[in-house]
Amino acid sequence: MIFRSLRPSKEPYTSLGSGYTGLTYSIKDNKIVFNSDFVSARDALKNSDVFAVVNKLAEDMASVHIKNLIIYTKKVLTNTSQLTNSFSFWRSMYAQMLLSGNAYALIWGDKSGRSDHLEYLKT
């Protein structure tokens, strides 16, 4: 959390506090300038608050019921993986998407060429 004094001041702010986030920043022209690089998902998940938010959002999105009238598409979306259940698969996909901005799955087909199941791919 970034904070500053609530006391009104005519002087420009020259320092802020950020707790123990490891976030580096400075103030230039009375504006905050962040000096930090990209934070990896592995480092972000070490913070329990980030983990809790990502996990909650991913679980909520994975629990959404998808309505689709096309039977083959519905089959793939509800029975996504041969390795895990649909909820766990979509939770993994959404968590990856929230942390890195991308999530990938390989679409496998059956002998007739129709989509059969999905396979989670590492980004």
Which pairs, with at least one residue in residues 89-106 and sequence neighbours excluded, count as a salt bridge (charged side-chain N to carboxylate O under 4.0 Å, His left out)?
Glu59-Arg91
Sequence neighbours excluded, every pair satisfying salt bridge (charged side-chain N to carboxylate O under 4.0 Å, His left out) that has a member inside residues 96-109
none
Side-chain contact, heavy-atom cut-off 4.5 Å: Ile107 with Val76?
no
Can you list everything that forms a side-chain contact (heavy atoms from CB on, under 4.5 Å) with Val53? Sequence neighbours excluded, please.
Leu57
Keeping the roles fixed (side chain from Trp90, backbone from Asn85), state whether a donor-acceptor pair exists under 3.5 Å.
no
Grouping ILVMFWY residues whenever side-chain heavy atoms fall under 4.5 Å, the cluster of Phe87 otherwise contains none
Straight-line distance of His117 NE2 to Asn79 CG, nearest 0.5 Å:
11.5 Å
Restricting to side chain to side chain donor-acceptor pair (under 3.5 Å), what partner residues turn up for Ser63, sequence neighbours left out?
none
So, using side chain to side chain donor-acceptor pair (under 3.5 Å) as the criterion, who are the partners of Tyr120 when residues are at least two apart?
Gln96
Could you work out the complete set of other residues in the hydrophobic cluster of Trp108, with links drawn between I, L, V, M, F, W and Y side chains under 4.5 Å apart?
Tyr104, Leu106, Leu121
Sorted by chain and number, sequence neighbours left out, side-chain contact (heavy atoms from CB on, under 4.5 Å) with Thr84 holds for Ser81, Ser88, Phe89
Heavy-atom side-chain contact between Met93 and Leu118 under 4.5 Å:
no
Which pairs, with at least one residue in residues 92-105 and sequence neighbours excluded, count as a salt bridge (charged side-chain N to carboxylate O under 4.0 Å, His left out)?
none
Taken in chain and number order and not counting sequence neighbours, the residues that satisfy salt bridge (Lys or Arg N to Asp or Glu O under 4.0 Å) with Lys56 are Asp60
With sequence neighbours left out, what residues match Ser48 under side-chain contact (heavy atoms from CB on, under 4.5 Å)?
none
Residues in salt bridge (Lys or Arg N to Asp or Glu O under 4.0 Å) contact with Lys122, at least two apart in sequence or another chain:
none
Closest non-hydrogen atoms of Ala95 and Ala58, given as atom of the first, atom of the second and distance, are N-CB, 3.8 Å
